[in-house]
Structure formats: structure tokens, C-alpha cells
Amino acid sequence: MEVSPSPPAVHAAPLPPKLADGVFPVGCPSRRVLDHITSKWGVLILLALSEGEQRWSDLRRRTEGISEKMLAQTLKSLERDGLVTRTAQPLIPPRVDYSLTERGYELTALLLPLVQWAFDNADEIINGQS
């Protein structure tokens, strides 16, 4: 008779009360912010900008597969959230630069371990291995 291995120990930890009571209700503003910063394009744009100020065309090239419309929408959302700054240069042709705010850099420092984990584990997850 073959014995199956025991499942790994669960490492559950309770959420801090303020977070546990506040983040789950449908009206919590953090949901909207989480939607912006955890979208595929939001994360990639924030990571690209963590390397320094970039122009629209640089972001478009760096974030392969993003449409112009989605890049515009994502940048506007991140700017509205106070994570990205848009600076228009009075040049001909017009030039617009994007950079992270202090809050944007703070957030990116938190996102980097998550993105690193996803990068390190992507092949095994995609291939259905554990």
C-alpha cells in the first residue's frame, strides 16, 4: 500500500485587525488602488519607471504588447493615484516625461519582491508543477 506524502504545513497568519476589517468590504478605497497597481500593465510601468524618468515612446517599447490606449489609461490612473508624475517639456516636437513620485518609489520597493517571486516561479507554475 502506497502512502501519499503529507501536505506541507500551512503558514497562515492573521491579518492585522485594521486590515482584516477594512480591505474586504466592497466600498473600501484600497480596492481601487489595488486594481491600478496590481494590474499587469500597472506593475510593469511602475517597474520600468523605477529605473528612472522615461518618455512615452520608451515606456511603450519597454512594456512590450501594451497598446497606446492602455498605456495612456494606465499612466493617467497612476498619475491620479499620486504614483507617477507627468512633465511636459516646452519643445517642438512636444516631449512628455514620466517619473515616479516618492510614493511611487515606495510602492515599487514593495512590488519588486513579488515580481521577483513571479519571475522565479513562473515556469513551474505555468507547467503545472509545484
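Looking at heavy atoms from C-beta onward, Ile45 lies out of side-chain contact with Tyr98 at the 4.5 angstrom threshold. The shortest distance between side-chain heavy atoms of Arg95 and Trp56 does not fall below 4.5 Å. At least one side-chain heavy atom of Leu111 sits under 4.5 Å from a side-chain heavy atom of Leu46. Residues Leu100 and Tyr105 are in side-chain contact: their nearest non-hydrogen atoms beyond the backbone lie under 4.5 Å apart.
Atom-to-atom distance recorded for Thr74:OG1 and Glu79:CD is 12.5 Å, nearest 0.5 angstrom. Atoms CZ and CG, on Arg86 and Leu78 in that order, are 14.0 Å from each other to the nearest 0.5 Å. Here the OG-CG distance, from Ser30 to Asp35, works out to 11.0 Å after rounding to the nearest 0.5 Å. Note that OG1 of Thr63 is 9.0 Å distant from CG of Leu47, once rounded to the nearest 0.5 Å. With rounding to the nearest 0.5 angstrom, the SG atom of Cys28 is 8.0 Å from the CG atom of Leu34. To the nearest 0.5 Å, atoms CG (Leu71) and CG (Leu44) are separated by 11.5 Å.
Partners of Glu102 under the side chain to side chain donor-acceptor pair (under 3.5 Å) rule, at least two apart in sequence or in another chain, do not exist in this structure. Residues meeting the salt bridge (charged side-chain N to carboxylate O under 4.0 Å, His left out) test with Arg103, sequence neighbours left out: none. Taking Arg32 as the reference, nothing meets the side chain to side chain donor-acceptor pair (under 3.5 Å) condition, with sequence neighbours excluded. Among residues two or more places apart in sequence or in another chain, the side chain to side chain donor-acceptor pair (under 3.5 Å) test is passed with Glu64 by none. A search for side chain to side chain donor-acceptor pair (under 3.5 Å) contacts involving Glu53 returns nothing, not counting sequence neighbours. By the salt bridge (charged side-chain N to carboxylate O under 4.0 Å, His left out) test, Glu51 pairs with Arg62, sequence neighbours left out.
In this structure, Leu75 and Leu59 approach most closely via the heavy-atom pair CD2-CD1, 4.0 Å. The shortest heavy-atom contact between Trp41 and Met70 is CD1-CG, 3.2 Å.
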Evaluate the criterion side-chain hydrogen bond (donor to acceptor under 3.5 Å, both in side chains) for residue pair Asp97 and Gln54; output intermediate values, then yes/no.
CA-CA 5 Å; Asp97 295 310; Gln54 295 186 43; over 6 Å; no
List the steps and the verdict of side chain to side chain contact (heavy atoms under 4.5 Å, CB included) for Val26 and Arg31.
CA-CA 8 Å; Val26 73; Arg31 285 187 172 199; 3.8 Å; yes
Given the rule in the side chain to side chain contact (heavy atoms under 4.5 Å, CB included) test, do Ile37 and Val43 qualify, once you have shown the distances and angles that lead to the verdict?
CA-CA 6 Å; Ile37 63 177; Val43 169; 6.0 Å; no
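Arg61 and Asp58 are joined by a salt bridge, as a carboxylate oxygen and a charged side-chain nitrogen come within less than 4.0 angstrom of each other.
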